[in-house]
Colleague: 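Following this message is one structure expressed as structure tokens.
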Amino acid sequence: MTSFDMLSAPIRKYIYDKGWGSLRPIQEAAIQRIIPTDNNYVLISRTASGKTEAAFLPILSKVNFREQGVKVLYISPLIALINDQFIRVEKLCEYLDVPVTKWHGEAAKGAKEKLLKHPEGIVLITPESLEAMFVNKPYQIKHLFANLEYVVIDEIHSFLGSARGTHLQSLLSRLQNINSRKFCIVGLSATVSDVNRYIELKEFLGDPENTKIIRDKTPKPINAVFRYFASTSPNLSSDLLNDVYVSTKNSKTLIFPNARGRVEEVAVGLKKISDRLGGHQNYFSHHSSVDKEVREYVEFFAKNSSVQNFCISCTSTLELGIDIGNVDEVVQIDATHSIASLIQRVGRSGRREDRASNLFLYATDPWSLLQSVACWLLYQEQYIEPVSVNKKPYDVLLHQTLSIVKAHSGMMFSELLEEICANSSFSRIEKNDIEAIIRHLAKTDLLEKIGNEYIIGIEGEKLVNNKDFYSLFQTPVLFKVSCQGVKIGELPLSSQVRIDENVYLSARIWKIQDIDYETKKIEVIPARDGKKPIFSGDPADTVHKIREKMLEIILSEDQYDFLDAAGHETIRELRKYFSVFEVKNPETDRIVHHGQTNSTFYTFTSSKIHRTLSFMMDSFGIEHQIHDSSSSMSIKSTDGDFAGVLQGIHLDEITIVQMLEQLIQEKPAMLDFSKWAKYLPLRYQAKLLKESYFDFEGCHSFLKNLNFVEN
DNA sequence: GACCTGCTGCGGGCTG
């Protein structure tokens with residue numbers, strides 16, 4: 001039977017009315033598999049290849065919507081994505097007479113109440129709203145979701161390898177718990193690594209044996225152009241901005257400059273050039289600190305601008321599948337930290353099938369150029385970095401224990417233990433560790449034991465009844481910036497935030513007039529000139545493979561035709577500098593350059609291994625400094641034989657945990673990477689730190705095979 | 001220099 005014939009009559013009519021000549025490959029494959037089987041599937045296919053329909057056409061053909069309850073639950077990492085998908089799915093569902101409901105923090109209350117009265121059809125939700133439902137509506141959640149047939153998870157890669165992902169995994173497990181029948185899961189993504197045959201992904205869905213991957217690997221033609229403009233100051237060179245302007249002035253463009261401050265610098269800089277030369281006025285900035293309504297306006301403008309060109313300077317806010325219509329060009333300024341990120345960004349351009357994507361990769365320093373080239377070569381080899389999933393997520397366990405106890409309002413110890421042990425996201429955590437954590441919660445008044453039952457304790461109430469409880473990630477405190485009642489965005493309280501200081505925000509220039517420290521508000525007026533805003537944050541980690549590729553490029557003699565003259569010259573100089581070292585094997589050989597006062601160890605390894613090396617060197621009194629972006633560390637020359645010392649270190653698990661316990665006691669801020677870690681017993685804090693923040697295993701195998709090449 | 005993501009329930013003020 002053809003895929004089209006396998007679909008139900010109303011769905012066939014939908015396709016007919018849409019005027020689709022044929023189904024996309026990923027849609028054909030999904031229909032052939034989803035309709036006749038009850039497996040879980042993950043559909044992997046590039047952006048704009050029709051993944052949403054690939055999931056919903058067969059699911060809607062198959063599901064019996066006449067039964068009680070919500071039948072299909074769609075989970076998305078972003079509210080903006082839910083709002084986009086709602087419009088598409090609702091149109092499709094008009095053919096079936098099936099209601100669709102948005103359920104997130106900004107969705108209409110009326111629609112939610114209607115759903116509670118008549119649970120039916122399809123619900124689109126965020127993980128945090130699902131968590132809130134478990135905590136505040138434990139009875140209604142059964143009423144709503146006890147008859148699910150399908151759960152669809154959009155942008156599933158964005159959840160893998162993070163605490164938010166483990167949280168979602170736990171919620172799925174709890175959802176399955178309240179269902180009498182097994183529901184099927186369909187995940188959607190454009191970027192998933194197939195290292196180890198997708199085992200992380202399959203385990204994430206809780207049923208590895210019955211989870212299949214459907215992947216459309218059809219490549220997409222991309223015209224990549226590298227351009228090198230060295231920056232001599234913290235600001236971008238005017239040559240670079242002028243070049244970007246010329247390359248993008250007649251197109252619909254997205255620019256990714258990697259940091260919010262730089263996003264503003266680029267948006268304002270290009271706007272000024274355009275003003276001077278009489279170009280278009282549609283220069284915008286889009287990142288987490290631009291006011292939400294402003295961002296929505298920018299998205300709306302991009303989506304609905306058929307004739308007018310525009311240029312949006314943005315961070316990863318525009319990396320996922322929010323619908324902004326057709327983009328002709330993507331500009332990346334300095335290297336992405338991952339291949340996955342590069343794929344998502346490239347995927348945003350040339351969404352029309354017949355058009356190739358244009359990609360401009362600018363670099364402002366030699367190391368960034370090198371990493372950029374490494375990412376590009378790995379991308380062409382179809383490599384995507386693996387995600388590291390923490391198998392013992394004690395922090396998520398603690399959070400979910402509070403959530404489960406709150407939902408049950410009173411639970412026997414054995415009952416609680418049983419529910420946690422049955423949760424697939426905690427399957428690698430030993431039973432006695434779970435017991436120890438529950439006892440600790442009772443000891444610290446997060447839980448309270450009354451008779452034979454556990455309830456939420458006095459301290460626990462403060463956490464559970466706070467709106468901050470529903471998420472596993474934390475956000476810094478920012479000051480709201482507005483101009484005469486018009487919201488513009490947010491700024492952190494930095495040294496820059498002073499009266500009369502001028503600053504860029506939302507692609508415009510402002511003068512700070514008033515700062516209210518109580519209400520955390522900043523009042524501004526328009527200004528003519530200013531500086532880029534200062535934001536604080538941690539850079540994302542880069543994996544070992546990218547750094548190793550960088551060394552490979554240095555050792556190779558390949559000439560890359562995608563580089564401009566300045567890029568060629570920069571790579572040539574890097575090769576020349578390292579040519580005095582006799583490096584043969586990029587997998588094992590690493591360079592140490594001994595200078596007069598310092599030695600430089602060119603590690604060419606991951607950010608996590610850098611942190612681990614740094615921790616070990618601190619412990620053994622080797623004075624040093626890590627430079628992650630240039631893949632190196634400088635070491636005081638008096639510590640001459642640090643290489644021998646490092647390779648001589650053999651730390652067993654117990655010693656590492658003891659050392660980390662001490663580190664946490666000396667520097668509690670070490671736990672800032674996790675929102676809930678501070679409520680754990682010290683030993684589990686140390687274990688979590690070891691697994692999530694450091695990489696002792698990777699560091700050990702890196703050091704074991706290491707061959708130091710010195711001058 | 002340095003990414004991103006989400007949010008209940010209730011009360012007060014306003015509109016129709």
Side-chain angles (χ1 to χ4, degrees), chain A residues 75-83 102-107 109 112-113 125-138 140 154-155 157-165 167-168 171 231 233-236 256-265 285-290 292 295 313-322 332-338 340-342 344-345 364-365 367-368 399 403 406-407 461 463-476 478 490 492 494-496 531-542 607 626-630 675:
Chain A
I75 303 176
S76 149
L78 303 175
I79 288 177
L81 201 52
I82 290 182
N83 295 342
K102 285 191 273 191
W103 190 298
H104 57 65
E106 291 166 19
K109 280 215 172 94
K112 292 181 183 173
E113 276 159 24
I125 200 166
T126 60
E128 287 72 21
S129 279
L130 194 52
E131 171 66 52
M133 227 185 233
F134 268 109
V135 169
N136 300 314
K137 299 182 169 55
Q140 279 108 317
D154 209 349
E155 304 280 5
H157 70 280
S158 73
F159 291 111
L160 288 180
S162 70
R164 193 184 191 199
H167 182 204
L168 174 58
L171 293 172
S231 282
S233 75
N235 295 331
L236 294 167
F256 292 93
N258 286 351
R260 285 170 286 177
R262 209 159 235 197
V263 163
E264 295 294 345
E265 183 188 0
S285 79
H286 193 286
H287 55 79
S288 64
S289 298
V290 171
K292 202 170 175 96
R295 281 157 69 180
S313 178
C314 58
T315 59
S316 50
T317 46
L318 286 184
E319 207 174 271
L320 296 182
I322 302 171
Q332 173 67 45
I333 299 179
D334 283 329
T336 54
H337 65 92
S338 70
S341 193
L342 181 63
Q344 293 283 138
R345 292 173 187 191
T364 64
D365 77 74
W367 289 95
S368 177
H399 176 266
S403 170
K406 168 79 180 175
E461 289 287 349
L463 299 180
V464 170
N465 294 330
N466 191 309
K467 66 179 163 65
D468 218 28
F469 182 71
Y470 311 114
S471 72
L472 265 284
F473 50 87
Q474 47 198 352
T475 37
L478 298 175
E490 295 177 329
S494 68
S495 57
Q496 184 183 35
K531 294 194 193 91
K532 65 177 171 183
I534 299 170
F535 288 100
S536 53
D538 293 314
D541 290 345
T542 296
S607 315
I626 294 275
H627 312 285
D628 190 55
S629 55
S630 61
K675 181 164 161 185

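Letters go in sequence order (proteins before strands), and every chain restarts at 1.
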Colleague: Would you tell me if any nitrogen or oxygen in the side chain of A:Ser536 comes within less than 4.0 Å of OP1 or OP2 on B:dA2?
Modeller: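 A:Ser536 to B:dA2 OP1/OP2: no side-chain N or O under 4.0 Å.
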Colleague: Base, sugar-phosphate, or nothing for A:Tyr470, non-hydrogen atoms under 4.0 angstrom?
Modeller: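 Result for A:Tyr470 = sugar-phosphate.
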Colleague: Nearest whole angstrom, please: distance from the P of B:dC3 to the CD of A:Glu264.
Modeller: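 My rounded result for the distance is 12 Å.
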Colleague: Does A:Phe473 stack onto the base of B:dT5, taking stacking as ring centres under 5.5 Å apart and planes under 30° apart?
Modeller: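 One would call A:Phe473 stacked on the B:dT5 base.
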Colleague: Hey, does A:Thr126 reach any base, or is it just sugar-phosphate, or nothing, if we go heavy atoms under 4.0 Å?
Modeller: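 Contact class for A:Thr126: sugar-phosphate only.
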Colleague: Any base atoms under 4.0 Å from A:Ser158, or only sugar-phosphate, or nothing? Heavy atoms, all strands.
Modeller: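 Since no nucleic acid heavy atom lies under 4.0 Å of A:Ser158, the category is nothing.
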Colleague: With hydrogens left out and only the distance checked, is there a donor-acceptor pair under 3.5 Å joining A:Ser316's side chain and the base of B:dC3?
Modeller: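 Side chain to base: pair found, below 3.5 Å.
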Colleague: Have a look at A:Lys112 and say if it touches a base, only the backbone sugar-phosphate, or nothing, with a 4.0 Å heavy-atom cut-off.
Modeller: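 Counting heavy atoms under 4.0 Å across all strands, no contact is made by A:Lys112.
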Colleague: Would you find a donor on one side and an acceptor on the other, under 3.5 Å apart, between the side chain of A:Asp365 and the backbone of A:Ser231?
Modeller: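 The answer is no, because no donor-acceptor pair under 3.5 Å joins these two groups.
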Colleague: Please state whether the base of B:dG6 and the side chain of A:Ser129 form at least one donor-acceptor pair under 3.5 Å?
Modeller: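 Per atom types, no contact qualifies.
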Colleague: Counting only side-chain heavy atoms from C-beta out, which of B:dT8, B:dC10, B:dT5 sits nearest to A:Lys109?
Modeller: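 My answer, after comparing the listed nucleotides, is B:dC10.
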Colleague: Under 6.0 Å from the NZ atom of A:Lys531, do we count more than 12 heavy atoms belonging to anything else shown?
Modeller: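 Atom NZ in A:Lys531 is not crowded, with 12 or fewer foreign heavy atoms closer than 6.0 Å.
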Colleague: Rounded to whole angstroms, how far apart are NE2 on A:His627 and P on B:dG1?
Modeller: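 Distance, rounded to whole Å: 16 Å.
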Colleague: Determine whether A:Thr126 and A:His104 satisfy the following criterion, side chain to side chain donor-acceptor pair (under 3.5 Å), listing intermediate values before the conclusion.
Modeller: CA-CA 6 Å; A:Thr126 60; A:His104 57 65; over 6 Å; no
Colleague: Kindly say if A:Thr315 contacts the phosphate of B:dC4, meaning a side-chain N or O under 4.0 Å from OP1 or OP2.
Modeller: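 So the side chain of A:Thr315 is within the cut-off, an N or O lying under 4.0 Å from OP1 or OP2 of B:dC4.
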Colleague: OP1 or OP2 of B:dA2 versus the side-chain N and O atoms of A:Arg260: is any pair under 4.0 Å?
Modeller: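 A:Arg260 to B:dA2 OP1/OP2: no side-chain N or O under 4.0 Å.
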Colleague: Heavy atoms only, 4.0 Å cut-off, all strands: where does A:Asn136 land among base, sugar-phosphate and nothing?
Modeller: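 Since only primed, P, OP1 and OP2 atoms lie under 4.0 Å of A:Asn136, the category is sugar-phosphate.
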Colleague: Among the candidates B:dT5, B:dC3, B:dT8, find the nucleotide nearest to the side-chain atoms of A:Lys467.
Modeller: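 Nucleotide nearest to A:Lys467's side chain: B:dT8.
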Colleague: Would you classify A:Ala540 as touching base, sugar-phosphate or nothing, given that sugar-phosphate means primed atoms plus P, OP1 and OP2, and contacts are heavy atoms under 4.0 Å?
Modeller: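 Counting heavy atoms under 4.0 Å across all strands, the contact made by A:Ala540 includes a base.
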Colleague: Side-chain N or O of A:Arg295 versus OP1/OP2 of B:dT5: is the shortest distance under 4.0 Å?
Modeller: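 Affirmative; the distance criterion is met.
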Colleague: Taking only N and O in the side chain of A:Thr317, is any of them less than 4.0 Å away from OP1 or OP2 of B:dC4?
Modeller: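 No.
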